[in-house]
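Values in this document were obtained by computation on a predicted structure and should not be read as measured data.
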Amino acid sequence: MNWIVKKFNELTPHDLYKILKERINVFVVEQNCPYEECDDKDLKSLHLYSEDKGRITAYCRLLYPGVSYNEAAIGRVLISEEYRRKGIAAKMLKKAIEIIKDEMGEKCIKLSAQVYAKRLYEQVGFKECSEIYNEDGIPHVEMIYKFN
């Protein structure tokens, strides 16, 4: 799989449109969850994604420390519906961890996981670090990854 990593100012308008379209398809339409999609955090993030035939197939954003948490963070993790259950999410998360370590020089990563996806994050080394809480009507839990 070919991964693309770009800072916000490196995204073309076409790149940004495809990313936002897929994020809205998954998080707003598919999960029936209206929320503030454009939260200004994209401006301070790295964007990791893959494409197939011009369409985003997998995506997440990598947030620098201080943007969401004191630690670096991973957010907006998605796999397009027809690409799910093929191991792509774990591959993308491993790539995201590698980028945060190498590019940001961080020792720790935090994220807010939808509870149903908690096992995926545990598979790549994240550990639960909070009680379950409600975010936009969906149960979430904070998780942390610490580099050895």
Side-chain angles (χ1 to χ4, degrees), residues 1-8 11 15-52 55-104 106-148:
M1 178 152 281
N2 185 32
W3 295 106
I4 301 163
V5 182
K6 293 184 178 182
K7 293 178 181 175
F8 183 81
L11 294 169
D15 294 335
L16 183 59
Y17 179 84
K18 290 187 293 185
I19 288 167
L20 290 174
K21 180 179 179 183
E22 200 57 37
R23 284 177 14 183
I24 291 167
N25 283 342
V26 171
F27 298 121
V28 178
V29 177
E30 187 179 316
Q31 294 183 355
N32 192 27
C33 181
Y35 72 103
E36 186 179 5
E37 173 55 31
C38 295
D39 59 5
D40 295 328
K41 293 180 182 181
D42 289 318
L43 304 169
K44 305 168 197 155
S45 301
L46 294 176
H47 301 269
L48 172 64
Y49 61 99
S50 67
E51 293 183 335
D52 184 34
R55 181 169 175 227
I56 301 292
T57 58
Y59 170 86
C60 66
R61 66 181 180 186
L62 315 179
L63 300 101
Y64 288 91
V67 176
S68 282
Y69 302 106
N70 291 332
E71 303 85 356
I74 299 173
R76 299 291 199 267
V77 176
L78 71 84
I79 305 298
S80 298
E81 192 170 13
E82 60 270 24
Y83 294 88
R84 294 179 191 157
R85 302 196 195 343
K86 297 180 180 181
I88 296 170
K91 288 177 187 169
M92 179 176 66
L93 288 169
K94 288 175 184 174
K95 183 68 175 174
I97 291 166
E98 175 187 310
I99 291 166
I100 288 171
K101 181 182 179 187
D102 295 345
E103 301 293 321
M104 295 183 189
E106 291 301 306
K107 307 263 187 263
C108 185
I109 305 168
K110 198 168 190 180
L111 57 78
S112 176
Q114 292 183 5
V115 170
Y116 85 90
K118 189 174 85 159
R119 256 184 66 209
L120 164 67
Y121 297 106
E122 289 171 337
Q123 288 174 349
V124 297
F126 281 87
K127 305 233 184 291
E128 190 173 334
C129 66
S130 78
E131 298 293 322
I132 293 173
Y133 59 94
N134 185 315
E135 184 176 315
D136 299 319
I138 298 172
H140 282 70
V141 65
E142 287 183 356
M143 301 187 80
I144 198 135
Y145 181 99
K146 293 184 179 181
F147 294 98
N148 296 330

Check: [Y] and [X] side chains under 4.5 Å, non-hydrogen atoms:
X	Y	value
Tyr145	Leu93	no
Ile97	Phe126	yes
Arg76	Ser45	no
Tyr69	Leu111	no
Leu11	Ile19	yes
Leu62	Ile109	no
Ser50	Met92	no
Lys118	Ile132	no

Hydrogens and angles aside, do Ser68 and Lys110 bring a side-chain donor and acceptor to less than 3.5 Å of each other?
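Side-chain D/A pair, Ser68 to Lys110: absent.
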
At what distance, to the nearest 0.5 angstrom, does [atom1] of [X] lie from [atom2] of [Y]?
X	Y	atom1	atom2	answer
Ile144	Glu71	CD1	CD	4.5 Å
Lys101	Lys107	NZ	NZ	8.5 Å
Asn25	Ser80	CG	OG	8.0 Å
Lys91	Lys86	NZ	NZ	11.0 Å
Lys18	Ile56	NZ	CD1	5.5 Å
Lys6	Leu46	NZ	CG	12.5 Å

Go through it in stages, so that I can follow the logic: the residues are Glu98 and Lys95, the test is salt bridge (charged side-chain N to carboxylate O under 4.0 Å, His left out), and I'd like the CA-CA distance, side-chain angles, deciding distance and then a yes or no.
CA-CA 5 Å; Glu98 175 187 310; Lys95 183 68 175 174; 3.4 Å; yes

What are the two closest heavy atoms between [X] and [Y], and how far apart are they?
X	Y	result
Ser112	His140	OG-CD2, 3.2 Å
His47	Asp42	NE2-O, 3.0 Å
Glu135	Tyr133	OE1-CE1, 3.6 Å
Ala58	Ile79	CB-CD1, 3.5 Å
Leu78	Glu22	CD1-CG, 3.7 Å
Cys108	Phe147	N-CD1, 3.7 Å

Within a radius of less than 6.0 Å around [atom1] of [X], do more than 12 heavy atoms belonging to other residues, nucleotides or ligands occur?
X	atom1	result
Tyr17	OH	no
Asn134	CG	yes
Glu82	CD	yes

Do Val5 and Ile99 pass the side chain to side chain contact (heavy atoms under 4.5 Å, CB included) test, and can you show the C-alpha distance, the side-chain angles, and the key distance before you say yes or no?
CA-CA 9 Å; Val5 182; Ile99 291 166; 3.3 Å; yes

Report the C-alpha separation of Tyr49 and Asp15 in whole Å, then their side-chain angles, then the decisive distance to 0.1 Å, and conclude whether the side chain to side chain contact (heavy atoms under 4.5 Å, CB included) test is met.
CA-CA 10 Å; Tyr49 61 99; Asp15 294 335; 3.6 Å; yes

Between Arg61 and Ile74, does a side chain to side chain contact (heavy atoms under 4.5 Å, CB included) hold up when you go through it step by step?
CA-CA 6 Å; Arg61 66 181 180 186; Ile74 299 173; over 6 Å; no

